[in-house]
Amino acid sequence: MSAMPATSVPVSMSLSMPSSSSSSPSLPSPSSAHGAPGSVAEVSAPVPSPKPSLGERLGQWFGRGGKSGGPGGAPSDGNDRKDGKGDGKLVAATLSTRTENALRRQLTQCLSARLTDSSANEAAREFMARYGAASAAEQLALLAIVADICASDGEAGADPKAGRDGKDVKDAKETRRAATGLAGALGSARVRFLKRFNALPDGLPFLVRWRADMLHHRAALPGLAALEEDLGSLFSTWFDVGLLELHPITWDSPASLFEKLMRYEAVHEISSWADLRNRLDSDRRCYAFFHPRMPREPLIFVEVAFVPDMAADVHSLLDEKAPLEDLRRVRWAIFYSISNTQPGLRGVSFGNFLLKRVIDELHVDFPKLRNFATLSPIPGFNDWLRQLGAQTLAEVLGPKRAKLLAQEPSLTAQATGAQVMAWLQTSPERKSVQALQRTLGEALAAYYLARESVRGQPRDPVARFHLGNGARVERINWHADLSKKGAKQSCGMMVNYLYEPDELDANLQRLIDGQPALGRAVARLL
């Protein structure tokens with residue numbers, strides 16, 4: 001997500017986790033200034049897609065060839081699918097009757113047997129291996145069988161004699177009704193089925209990937225809904241923040257972790273080796289949450305920059321040639337990128353805990369540091385503005401600003417939101433028009449962030465995340481992200497959310513009361 005959801009001063013601190021980095025090529029050390037790493041900095045390549053191996057990518061960066069997958073970008077959900085899943089074209093593989101019957105017996109055994117049943121555990125292990133080795137079409141066929149078997153009420157393995165007469169049916173219904181809530185969920189056959197996989201080596205990573213596939217195919221296989229929901233509930237416990245470990249990612253971290261950092265970055269694409277090094281330099285920090293059973297897989301990470309003032313544009317933050325900041329005089333910590341990495345953990349919230357943990361870590365390293373803010377995208381702004389009719393747009397702007405808009409000769413007398421959006425993305429030569437664009441653009445963004453809501457929550461997903469953490473909308477930044485992505489999302493605007501540790505609870509209460517916390521500069525735009 002952005003700055004949606006970094007280490008002690010010595011950069012030499014490495015992430016303590018198992019790694020196969022001993023077989024990886026040695027990596028150069030960072031220089032003492034951005035953009036001064038020598039010849040490496042001059043080698044730049046887009047992130048290929050499909051994603052190549054680390055060796056192939058290093059070959060591309062250093063000009064040694066390798067497979068080329070063409071230009072690509074960081075996926076918003078941390079998982080760039082190129083296998084045809086979910087595009088409406090994937091057709092499930094056809095399984096033989098014998099194979100399908102064998103799978104049904106295998107899965108039914110996993111559902112009905114006790115957790116301690118060794119033969120059922122072996123069946124689960126075999127299914128997990130088969131699913132992991134299957135093609136996308138074969139996996140869809142396997143999911144269809146799972147959906148069919150698990151579409152019941154989770155009563156697999158129940159007493160077959162139960163419910164044969166009216167009294168038993170009534171008693172069974174009352175028992176199921178009484179089993180609602182946590183106790184009933186934990187006792188269901190589906191939950192036992194999922195726990196069986198979780199108990200296996202590598203079972204938890206498998207379940208995370210499996211739920212991502214379930215979410216992807218849920219519309220086509222409605223029978224998966226109950227199983228997917230049960231798994232999501234279990235993940236809320238298995239990935240409780242108290243079980244997660246916060247680690248810094250530094251230049252001394254394993255090379256395999258660099259690969260994942262580039263793959264999962266979802267806010268500002270890491271475009272080159274020099275770009276990656278810049279983000280891990282001595283005046284930067286990067287933290288990630290890890291689960292003990294997935295020690296090589298970051299679940300969510302945040303990138304932090306130290307700057308003298310609250311950042312107003314992302315181009316300055318990502319400038320590889322900018323001089324290093326003097327950490328003895330650091331005043332602001334800017335969270336400029338937060339990325340979730342696991343689609344299978346959708347709905348499991350730990351991003352808010354990540355930021356609060358990082359603030360605590362930074363306080364330890366920099367006791368005098370008091371200013372924490374984000375530089376965040378506004379991903380839903382253009383979609384919202386595009387839908388506004390002329391009358392609604394005029395109401396949002398108010399009489400004075402609507403009058404100013406009506407005087408712009410390049411727009412019609414009754415301009416719609418779509419027309420204004422297109423106009424905001426133009427580059428007029430006259431300074432007076434530029435100033436009008438900024439005035440109206442910032443006012444519209446402020447209204448969108450402060451007033452637009454869905455079911456009592458901010459309409460913008462990034463705003464919902466940060467305001468839900470207790471931050472406040474501090475400042476709208478015009479032309480803060482002039483990339484294609486920035487223009488497509490929000491006409492190039494970004495926003496600062498301010499994190500004041502002593503005000504987080506009060507700000508959260510304001511949000512609950514329907515009045516999100518706003519800085520003075522934003523309040524004046526309304």
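No hydrogens, no waters, no symmetry mates; every other heavy atom, side chains included, goes into these values.
- H363 places a side-chain N or O within 3.5 Å of a backbone atom of L369 that can act as its donor or acceptor partner.
- A parallel orientation is assigned to the rings of F372 and F335, their planes being inclined by less than 30° (bins at 30° and 60°).
- Residues F206 and F197 bring their aromatic ring centres within 6.0 Å.
- Here F306 and F366 bring their ring centres to under 6.0 angstrom of each other.
- With N496 contributing its side chain and A311 its backbone, the two residues share a donor-acceptor pair below 3.5 Å.
- Of the possible donor and acceptor atoms, one in the side chain of N382 sits under 3.5 Å from a partner among the backbone N and O of K488.
- A search for salt bridge (charged side-chain N to carboxylate O under 4.0 Å, His left out) contacts involving D383 returns R386, not counting sequence neighbours.
- Side chain of Q457 to backbone of R464: no donor-acceptor contact under 3.5 angstrom is found.
- Side-chain atoms of T250 and D252 include no donor-acceptor pair closer than 3.5 Å.
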>> For a salt bridge (Lys or Arg N to Asp or Glu O under 4.0 Å) check, start with the C-alpha distance between K260 and E297, then their side-chain angles and the critical distance, and finish with the verdict.
In response: CA-CA 8 Å; K260 290 173 182 176; E297 195 70 29; 3.1 Å; yes
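- The main-chain N or O of P205 is never found under 3.5 Å from a side-chain atom of R293 such that the two would form a donor-acceptor pair.
- Under the salt bridge (charged side-chain N to carboxylate O under 4.0 Å, His left out) criterion, E395 pairs with no residue, sequence neighbours left out.
- Between the side chain of D313 and the main chain of S316, a donor-acceptor pair closer than 3.5 Å is present.
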Got a list of side-chain donor-acceptor pairs under 3.5 Å for residues 502-517, not counting sequence neighbours?
{"residue": "N507", "atom": "OD1", "partner": "R510", "partner atom": "NH1", "Å": "2.4"}
{"residue": "N507", "atom": "ND2", "partner": "G470", "partner atom": "O", "Å": "2.9"}
{"residue": "N507", "atom": "ND2", "partner": "E503", "partner atom": "O", "Å": "3.3"}
{"residue": "Q509", "atom": "NE2", "partner": "D513", "partner atom": "OD1", "Å": "3.1"}

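- Judged by distance alone, with hydrogens and angles left aside, the side-chain atoms of D319 form a donor-acceptor pair with the main-chain N or O of K321 at under 3.5 Å.
- Within a 6.0 Å radius of CD in Q407, more than 12 heavy atoms belonging to other residues, nucleotides or ligands are found.
- Interatomic distance, SG of C491 versus CH2 of W423, reported as 10.5 Å (0.5 Å rounding).
- Within 6.0 Å of the CG atom in D240, the count of heavy atoms belonging to other residues, nucleotides or ligands exceeds 12.
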